Amino acid sequence: MVIEVHILARDEEAILPFTLRHYETFASRIVLHDLGSTDRTVEIASAAGAEIRPSPTHEFDDRLNQRIKNTAWNGTDADWVIMADADELIYFPMGWAPTLDAYGRAGEHVLKPYGYEMESPTFPEGGGQIYDYVKFGGRDDKWYAKPILFSPKRVKSLIFGTGAHEVSGVLQNGRACKNPTVFSSPPCYLLHCHHLGSIERIAALYDANRSRHSAANKQNKWGLQCDGTTHAKEKRAAIMAKRERVIA
């Protein structure tokens, strides 16, 4: 089974080693789409054997992210493709091989994961998997049940919406590919690993992204519009209100 993972990243040297270690457990190929990193993101990905594809702009532009997710996998011979941001892990609680085998037998094309915003008061340190250290989070199917796992054997083309929260397209048989509304079975999770560490750390990440918003993002109000501290506190409170154990 051939699994191809595409990761979009900018200045993600903290989380990226965990992301790469996770996907290395089952991916046949990992491609890093670097969006203008100024830290060790590219160095870390290169050392892990990932293919590097640099971005033509350093702005945070959702139109560019959409184009990458819509087209970067075209022509692949993979059985499955994951199109993720650097802090997004597709996780298979029943194991990746039996889960993907079941999806294949069922003829699944675009999968709908259960979404979780993971949380930890400290940023994890160590060489293990991130879910060895971070096991709690809040269920969030509105924003993080993102359809980023799909089969190019059955999907001809895809159009991701802003933030990749929804997708549409055309199947190989010519039928319309609609955004999935039923959670996949066996289950898979999308673990969004952004809220790890202090509020100050999270706020700085939010503000850094907001400072790079393209003119289109500002005009269309795509992405974060308020200050990072306000958003970080609101998000942390929302996670804590429904915090549960996600990883056994």
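All values reported here derive from a predicted model rather than from experimental measurement. We're numbering straight along the sequence, starting at 1.
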Query raised in the report: Hey, are the side chains of Pro147 and Leu111 touching, using non-hydrogen atoms and a 4.5 Å cut-off?
Result: no

Mind listing the side-chain donor-acceptor pairs of residues 148-157 below 3.5 Å, one per line with the distance, residues two or more places apart or on another chain?
residue: Ser151; atom: OG; partner: Asp79; partner atom: O; Å: 3.3
residue: Ser151; atom: OG; partner: Lys153; partner atom: N; Å: 3.3
residue: Ser151; atom: OG; partner: Arg154; partner atom: NH2; Å: 3.4
residue: Lys153; atom: NZ; partner: Asp77; partner atom: O; Å: 3.2
residue: Arg154; atom: NE; partner: Glu108; partner atom: O; Å: 2.5
residue: Arg154; atom: NH2; partner: Glu108; partner atom: O; Å: 3.1

Report task. Establish, for the pair Arg21 and Tyr133, whether the NZ or CZ atom is under 6.0 angstrom from the six-membered ring centre and no further than 45 degrees off its axis. Result -> no

Report task. Identify, with sequence neighbours excluded, every residue that meets ring pair (Phe, Tyr, Trp, His ring centres under 6.0 Å) alongside Phe123. Result -> none

Requested in this report: Could you identify which residues cluster with Tyr144, counting Ile, Leu, Val, Met, Phe, Trp and Tyr as linked when any side-chain heavy atoms lie under 4.5 Å apart, either directly or through a chain of such contacts?
Outcome: Trp143

Report task. Compute the ring centroids of His194 and Tyr206, then answer whether they are less than 6.0 Å apart. Result -> yes

Requested in this report: Taking side chain to side chain contact (heavy atoms under 4.5 Å, CB included) as the test, write out the residues that go with Ala48, two or more places apart.
Outcome: Leu20, Glu24

Query raised in the report: Would a line drawn from the ring center of Phe18 to the ring center of Tyr131 be shorter than 6.0 Å?
Result: no

Report task. May I ask you to decide if Gln66's main-chain N or O and Asn70's side chain share a donor-acceptor pair within less than 3.5 Å? Result -> yes

Query raised in the report: Does atom NZ of Lys242 have more than 12 heavy-atom neighbours, drawn from other residues, nucleotides or ligands, at distances under 6.0 Å?
Result: yes

**Report entry** side chain to side chain contact (heavy atoms under 4.5 Å, CB included) between Ile15 and Glu12, intermediate numbers included
**Finding:** CA-CA 6 Å; Ile15 195 69; Glu12 297 284 6; 3.3 Å; yes

Query - Side-chain donor-acceptor pair present, Asn74, Thr71, cut-off under 3.5 Å - result: no

Pair up each side-chain donor or acceptor in residues 95-106 with any protein partner under 3.5 Å, not counting sequence neighbours, and list the distances.
residue: Thr99; atom: OG1; partner: Gly95; partner atom: O; Å: 2.6
residue: Tyr103; atom: OH; partner: Pro186; partner atom: O; Å: 2.5

**Report entry** Step-by-step side chain to side chain contact (heavy atoms under 4.5 Å, CB included) determination, Leu190 to Tyr91
**Finding:** CA-CA 6 Å; Leu190 194 159; Tyr91 177 81; over 6 Å; no

Report summary line: Contacts of Thr181 meeting side-chain hydrogen bond (donor to acceptor under 3.5 Å, both in side chains) (sequence neighbours excluded), chain-then-number -> none

Report task. For the residue pair His33 and Ser55, establish whether any side-chain heavy-atom pair is separated by less than 4.5 Å. Result -> no

Query raised in the report: With sequence neighbours left out, what residues match Glu51 under side-chain hydrogen bond (donor to acceptor under 3.5 Å, both in side chains)?
Result: Arg29, Arg53

Report summary line: Residues at least two apart in sequence or cross-chain that pass side chain to side chain contact (heavy atoms under 4.5 Å, CB included) with Ala78, listed by chain then number, are Val2, Glu4, Thr76, Val81

Query raised in the report: Are His192 and Glu117 close enough that a side-chain donor and a side-chain acceptor fall under 3.5 Å?
Result: yes

Report task. Would you check if the side chain of Asp34 reaches a backbone N or O of Pro54 as a donor-acceptor pair within less than 3.5 Å? Result -> no

Requested in this report: Sequence neighbours left out, what passes side chain to side chain contact (heavy atoms under 4.5 Å, CB included) with Glu166? Give chain and number order.
Outcome: Asn179

**Report entry** Non-hydrogen atoms of Gly137 and Ile239 that approach each other most closely
**Finding:** C-CG2, 4.3 Å

Query raised in the report: Hey, are the side chains of Lys146 and Asp85 touching, using non-hydrogen atoms and a 4.5 Å cut-off?
Result: yes

**Report entry** Tyr116: partners by ring pair (Phe, Tyr, Trp, His ring centres under 6.0 Å), with sequence neighbours left out
**Finding:** Tyr189

Report summary line: Looking only at heavy atoms, the pair that brings Ile90 and Phe26 closest together is O-CZ, 4.1 Å

Report task. Indicate yes or no: at least one non-hydrogen side-chain atom of Ile199 is less than 4.5 angstrom from one of Arg236. Result -> yes

Query raised in the report: Taking it one step at a time, do Leu8 and Lys69 satisfy side chain to side chain contact (heavy atoms under 4.5 Å, CB included)?
Result: CA-CA 9 Å; Leu8 279 67; Lys69 293 177 180 181; 3.8 Å; yes

Query raised in the report: Got a sec, which residues hit side chain to side chain contact (heavy atoms under 4.5 Å, CB included) with Ser120, two or more places apart in sequence or on another chain?
Result: Thr122, Val134, Leu196

Query raised in the report: What pairs with Asp11 under side-chain hydrogen bond (donor to acceptor under 3.5 Å, both in side chains), at least two apart in sequence or on another chain?
Result: Thr38

